[in-house]
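Shown next, in structure tokens, is the structure this report addresses.
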Amino acid sequence: MRDATLVFLIKGEPPSEILLGLKKAGFAQGKINGFGGKVQQGEPISEAAVREMEEEAGIKVLEQDLEKMAHLTFTFPARPEWDQVVHVFLARRWKGEPVESAEMRPAWYKVDEIPFPSMWQDDPHWLPRVLAGQHIKARFTFQADNETVQALEIVECAPPT
């Protein structure tokens, strides 16, 4: 199972705005999501998160400004090559303004107006908890359509490492 990252830039305390992006190409094309992707062989997870944020939105985030909030395991029985463990980070500090890339079109959303119908179906189950400050571990299994959540388990935990 491969490792992947997701980074959400947030404004406010508690969070009032979140940066999301429309995926323009590749895995999850057409969905709105956070910024991230595959961890390269031998690459530390936090370095991958920093790299992906810059590649996808032109934003520079320092590793020490990433707060790891969640460890999510996704299984797709109909497409096992999609199985992955996603390491989710929040960032409250960064440099630069988001810019569109070949892969993502970034936009700021009010936290109470997150476009869940345009996102993965698992997102409403865990993202509000992360934005509320909970550290979680979760497992999601998808049905054969690779869209519908078949089973889920979410537990609050100590801050993931």
Side-chain angles (χ1 to χ4, degrees), residues 1-12 15-76 78-111 113-131 136 138-143 145-149 160:
M1 192 172 291
R2 67 181 177 159
D3 283 306
T5 64
L6 263 181
V7 179
F8 297 94
L9 302 186
I10 56 172
K11 294 179 181 177
S16 58
E17 290 184 73
I18 183 170
L19 185 69
L20 301 171
L22 174 66
K23 185 77 162 134
K24 296 169 35 180
F27 181 74
Q29 181 175 353
K31 293 191 184 302
I32 293 176
N33 205 354
F35 298 83
K38 297 176 190 170
V39 176
Q40 297 172 356
Q41 179 121 11
E43 182 180 35
I45 290 166
S46 58
E47 283 182 22
V50 167
R51 175 183 51 76
E52 289 282 348
M53 194 72 228
E54 188 164 6
E55 288 175 2
E56 293 184 351
I59 297 288
K60 293 184 189 298
V61 177
L62 300 175
E63 284 182 71
Q64 61 263 32
D65 291 329
L66 293 172
E67 181 182 4
K68 187 160 183 192
M69 298 299 295
H71 181 275
L72 311 175
T73 301
F74 296 101
T75 55
F76 296 85
R79 297 284 302 263
E81 66 273 19
W82 287 6
D83 292 356
Q84 56 191 293
V85 173
V86 178
H87 305 266
V88 179
F89 299 90
L90 295 180
R92 292 175 171 81
R93 295 185 340 164
W94 60 88
K95 289 185 180 172
E97 290 297 320
V99 294
E100 186 169 344
S101 67
E103 198 171 343
M104 297 285 276
R105 180 179 306 128
W108 287 101
Y109 293 88
K110 293 186 182 311
V111 166
E113 296 175 3
I114 292 173
F116 286 117
S118 299
M119 299 172 76
W120 283 99
Q121 290 186 16
D122 58 272
D123 289 342
H125 296 286
W126 64 267
L127 185 54
R129 295 174 74 155
V130 164
L131 293 173
I136 61 170
R139 175 177 295 278
F140 296 91
T141 302
F142 287 83
Q143 292 182 11
D145 65 2
N146 297 311
E147 291 284 334
T148 308
V149 174

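Source: prediction; values computed, not measured. Quick note: numbers below take in every heavy atom, side chains included, and nothing from hydrogens, waters or symmetry partners.
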Q: Could you walk me through whether V61 and L9 pass side chain to side chain contact (heavy atoms under 4.5 Å, CB included), step by step?
A: CA-CA 9 Å; V61 177; L9 302 186; 4.0 Å; yes
Q | Worked verdict on N33 versus D123 for side chain to side chain contact (heavy atoms under 4.5 Å, CB included) | A | CA-CA 9 Å; N33 205 354; D123 289 342; 4.3 Å; yes
Q: Quick one: do W82 and F74 satisfy ring pair (Phe, Tyr, Trp, His ring centres under 6.0 Å)? Show the steps, please.
A: CA-CA 8 Å; W82 287 6; F74 296 101; over 10 Å; no
Q: Start with the C-alpha gap between F35 and E52, add the side-chain angles, then the distance that decides, and say whether side chain to side chain contact (heavy atoms under 4.5 Å, CB included) holds.
A: CA-CA 7 Å; F35 298 83; E52 289 282 348; 6.0 Å; no
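Remark: K11 NZ is packed, more than 12 non-hydrogen atoms of other residues, nucleotides or ligands lying under 6.0 Å away.
Nearest heavy atom pair, residue D83 against residue R2, reads O-CG, 3.6 Å. The two atoms that bring L20 and P115 nearest to each other are CD1-CD, 3.8 Å, heavy atoms only. Across all non-hydrogen atoms, the minimal contact from I136 to W126 is CD1-CB, 3.5 Å. The two residues I45 and H87 make their nearest non-hydrogen contact at CD1-NE2, 3.3 Å. Pairing each heavy atom of V7 with each of A91, the nearest pair is CG1-CB, 4.5 Å.
Between the side chain of Q40 and the main chain of A48, no donor-acceptor pair closer than 3.5 Å is present. Remark: the backbone N or O of K24 is paired with a side-chain donor or acceptor of Q29 at under 3.5 angstrom. Checked by atom type and distance alone, the side chain of K95 never pairs as donor or acceptor with a backbone atom of L62 at under 3.5 Å. Formation of a donor-acceptor pair under 3.5 Å by the S16 side chain with backbone atoms of V111 is not found in this model.
Between W94 and D65, every side-chain heavy-atom pair lies at or beyond the 4.5 Å cut-off. Considering only heavy atoms from C-beta on, V50 stays 4.5 Å or farther from T5 through its side chain. Using a 4.5 Å cut-off on side-chain heavy atoms (C-beta onward), E100 and P106 make contact. Counting heavy atoms from C-beta outward, L127 and M119 have side chains that approach closer than 4.5 Å. Looking at heavy atoms from C-beta onward, F8 lies out of side-chain contact with V130 at the 4.5 angstrom threshold.
Every residue was checked against the salt bridge (Lys or Arg N to Asp or Glu O under 4.0 Å) condition with E63, not counting sequence neighbours, and none meets it. Shown here are the side-chain hydrogen bond (donor to acceptor under 3.5 Å, both in side chains) partners of Q121, two or more places apart in sequence or in another chain: there are none. By the ring-ring contact (aromatic ring centres under 6.0 Å, His included) test, F142 pairs with F76, W120, sequence neighbours left out. Among residues two or more places apart in sequence or in another chain, the side-chain hydrogen bond (donor to acceptor under 3.5 Å, both in side chains) test is passed with R51 by E43, E55. Scored by the salt bridge (Lys or Arg N to Asp or Glu O under 4.0 Å) test, R139 finds no partners at all (sequence neighbours excluded). By the side-chain hydrogen bond (donor to acceptor under 3.5 Å, both in side chains) test, R79 is found to be paired with E81, residues two or more places apart in sequence or in another chain being considered.
Once rounded to the nearest 0.5 Å, the distance linking NZ of K38 with CD of Q84 reads 9.0 Å. Distance CD/E147 to CG/D122: 10.0 Å, rounded to 0.5 Å. In this structure, CE on M53 lies 5.5 Å from CD1 on I59, to the nearest 0.5 angstrom. One finds the CG atom of L19 at 9.5 Å from the CD atom of E97 (value rounded to the nearest 0.5 Å). To the nearest 0.5 Å, the span separating CG on L90 from CE on M69 amounts to 5.0 Å. Atom CZ of F116 and atom NE2 of H125 lie 10.0 Å apart (nearest 0.5 Å).
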